[in-house]
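The structure presented is a predicted model; accordingly, all values stated were derived computationally and were not measured.
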Amino acid sequence: MGSLSAQKAIVACLLLGAAAFLVHLGNAGAEKVFSGTKIAESQLVEENWIPGGEFPMEPIIVEALHLDDFTFRPYRKGREQVTLYIGFYHTAEKVGAAHDPMVCFQGQGWTLGDYREGLFTVSGDAPMEVRHSSVLAELGGRRELVLYWFQSLDKTNAGTFGQKMSTMMNRLMKRGGANAFVRVTTTIGSESREEAEKRIEMFVGDFYPRFHRYITQQEQG
Amino acid sequence: MNRNHQTVIGTLNQRDLAWCGLFLAVFLFTYSPVVQSLYKAWMDSDDNSHGFLIVPLAIYMVWTKKEVLKAVPVRGEWTGVIVLLVSLMLYVVGWYGGVKTLSYLAFLGAFVGGLWLLLGWSVVWANIFPLAFLLFMVPVPAQIYAVITGPLQVLVSQVAGKLLFWSSVPTYVEGAVIYHPQQVFEVVQACSGLRSIMTMLTLGAAIGFFMLRSRIFRGLLLVSGVPIAILVNIFRVYVLVFAFDKWDWDLTVGTPHTVLGLGVFALALLLFFGLLKGMARWDR
């Protein structure tokens, strides 16, 4: 004599059916794909910073990182110099494609130390927060301060997990999926880490408001 | 009349099986987007292609224990609906939010919850190993993948570099890059050994289930896959650079690279089955 409960089976099927309805409902709407101007055609940094030439990136690296767009060039303002790298992705599907420097820099032979997380407040149309990570990198006697963050539309995150959460919230609220990995590096000579970080903060102040407008341009209508 | 009559799996009738069949059909329909996504993940990446084998192996595991399972009591429990409900919520959130790993885990969670609800915890527990084995079909998330492969690349390069030094091969290692006077060898992500580790872990779990009785030995066999995979990968990098230095052979691309990879994998299997044989002798 069997004793499988019909009641339990019906409850299970109803719950599954409700989930199926919600998921297939969600599939009905197409994801917003970023279709703004290319980074190379957009003036993302204020004119008081003089851009250098783009550093070449091998096609195999562009493919490995699944980049939709990118920029990788130095900027100079007086005696201050930084290098900006942006790996840009047009859809939320590609969140996770960027590699955390804490992982990939070591593979290139860099020694990393003094990892920190921090926050810049940048003035723009409204005050904006830039949550970031930074680490000291050394290779062959050269010391660099590497400051980076993971951008998900208008939110900055110090790590990939935060970016994943921000992206998830954006999708749940039917917002766009544009995301980016932003890295600003500067060589440390005889100065302190704090002085190098001030230099990067100054650059971010002259870069982020325009970048924020760039990445959210489709949300602005 | 036997007032102590208890239903066991072996006494389920056609009506009961029909309800199970209905549950399975609705379950697969609900999770069809996840199944499609998994299929694509297994097809698109060599790192995940072992996923095709997981469900058939899990079914076979259950099949080999069918005589024992027939006597497992069946008593559906409402506790299962909590697991099912939470899994379905995570599925919807994960799917809407684009967090595929969450959806994949929710797929497995909902299956366990459904089994628990319809057939009871005894049935779930009796099949706990095949159910846990299904975790191997979930692709490793990209962020975790990067976190694991980075240090592996460096480890493999550093140890291979030491071996090369002891073999009088002139090299200098920085991170995951081995510098030879005539060539630069970079241990890229695909060569980190993670694919071998996943394969060995899957093999270890499956073979341990079929061939060992002791849970301790099964656990040991499972985890042995990790050091074996790492060791043979170090050996592979060592051979690659050594052969270049001594005989000017380029084993980094094409057929020679594939043959080297297969040979090294055969070595890994040799070590693995040697360990299994040793464990089987002690496994009484």
Once rounded to the nearest 0.5 Å, what's the spacing between atom CD of A/Gln7 and atom CH2 of B/Trp19?
10.5 Å
Quick check for you: among A/Gly17, A/Cys104, A/Ala64, A/Ala9, which has the greatest number of heavy-atom pairs under 4.5 Å with chain B?
A/Ala9
Give a yes or no on this: more than 12 heavy atoms of other residues, nucleotides or ligands lie within 6.0 Å of atom CZ of B/Phe244.
yes
Taking the side chain from B/Tyr91 and the backbone from A/Val23, do they hold a donor-acceptor pair closer than 3.5 Å?
no
When you look at CZ of A/Phe21, are more than 12 heavy atoms from neighbouring residues, nucleotides or ligands closer to it than 6.0 Å?
no
Heavy-atom pairs under 4.5 Å with chain B, option from A/Ala18, A/Ala20, A/Ser5, A/Ala98 with the top count:
A/Ala20
Please determine, among B/Val177, B/Val92, B/Leu22, B/Val81, the option with the most heavy-atom pairs under 4.5 Å with chain A.
B/Val92
Yes or no on side chain to side chain contact (heavy atoms under 4.5 Å, CB included) for A/Val11 and B/Trp78, after CA distance, side-chain angles and deciding distance?
CA-CA 10 Å; A/Val11 165; B/Trp78 283 109; 3.9 Å; yes
Looking only at heavy atoms, which two atoms of A/Lys174 and B/Tyr96 are closest? And how far apart?
NZ-CE2, 4.5 Å
Heavy-atom neighbours of A/Phe55 CZ exceed 12 at 6.0 Å
yes
Given side chain to side chain contact (heavy atoms under 4.5 Å, CB included), test A/Met168 with B/Val93 step by step and report yes or no.
CA-CA 8 Å; A/Met168 193 170 90; B/Val93 168; 3.7 Å; yes
Would you say A/Leu119 has more than 12 foreign heavy atoms packed within less than 6.0 Å of its CG?
yes
Flag yes if more than 12 heavy atoms outside B/Tyr39 fall under 6.0 Å of its OH atom; otherwise flag no.
no
Does B/Leu88 reach the side chain of A/Leu16, with side-chain heavy atoms less than 4.5 Å apart?
yes
Answer with side chain, backbone, both or neither: which region of B/Leu84 has an atom nearer than 4.5 Å to a non-hydrogen atom of chain A?
side chain
Which atoms of B/Ser103 are under 4.5 Å from chain A, going by heavy atoms: the side chain, the backbone, both sets, or neither?
neither
Proximal component of B/Tyr145, with respect to chain A [non-hydrogen, under 4.5 Å]
neither
Roughly how far, to the nearest 0.5 Å, is the CD atom of A/Gln108 from the CD atom of B/Gln153?
8.5 Å
Other residues, nucleotides and ligands only: do more than 12 of their heavy atoms fall within 6.0 Å of CD on A/Glu194?
yes
Of all heavy-atom pairs between A/Lys8 and B/Glu77, which one has the smallest distance, and what is that distance?
CE-N, 3.9 Å
Within a 6.0 Å radius of atom CZ on B/Arg75, are there more than 12 heavy atoms belonging to other residues, nucleotides or ligands?
no
Ranked by heavy-atom pairs below 4.5 Å to chain A, first place among B/Leu118, B/Leu102, B/Val187 goes to B/Leu118
Derivation of the side chain to side chain contact (heavy atoms under 4.5 Å, CB included) call for B/Phe29 and A/His24
CA-CA 11 Å; B/Phe29 172 74; A/His24 288 285; 4.2 Å; yes
Contact part of B/Gln14 toward chain A, heavy-atom cut-off under 4.5 Å: side chain, backbone, both or neither?
neither
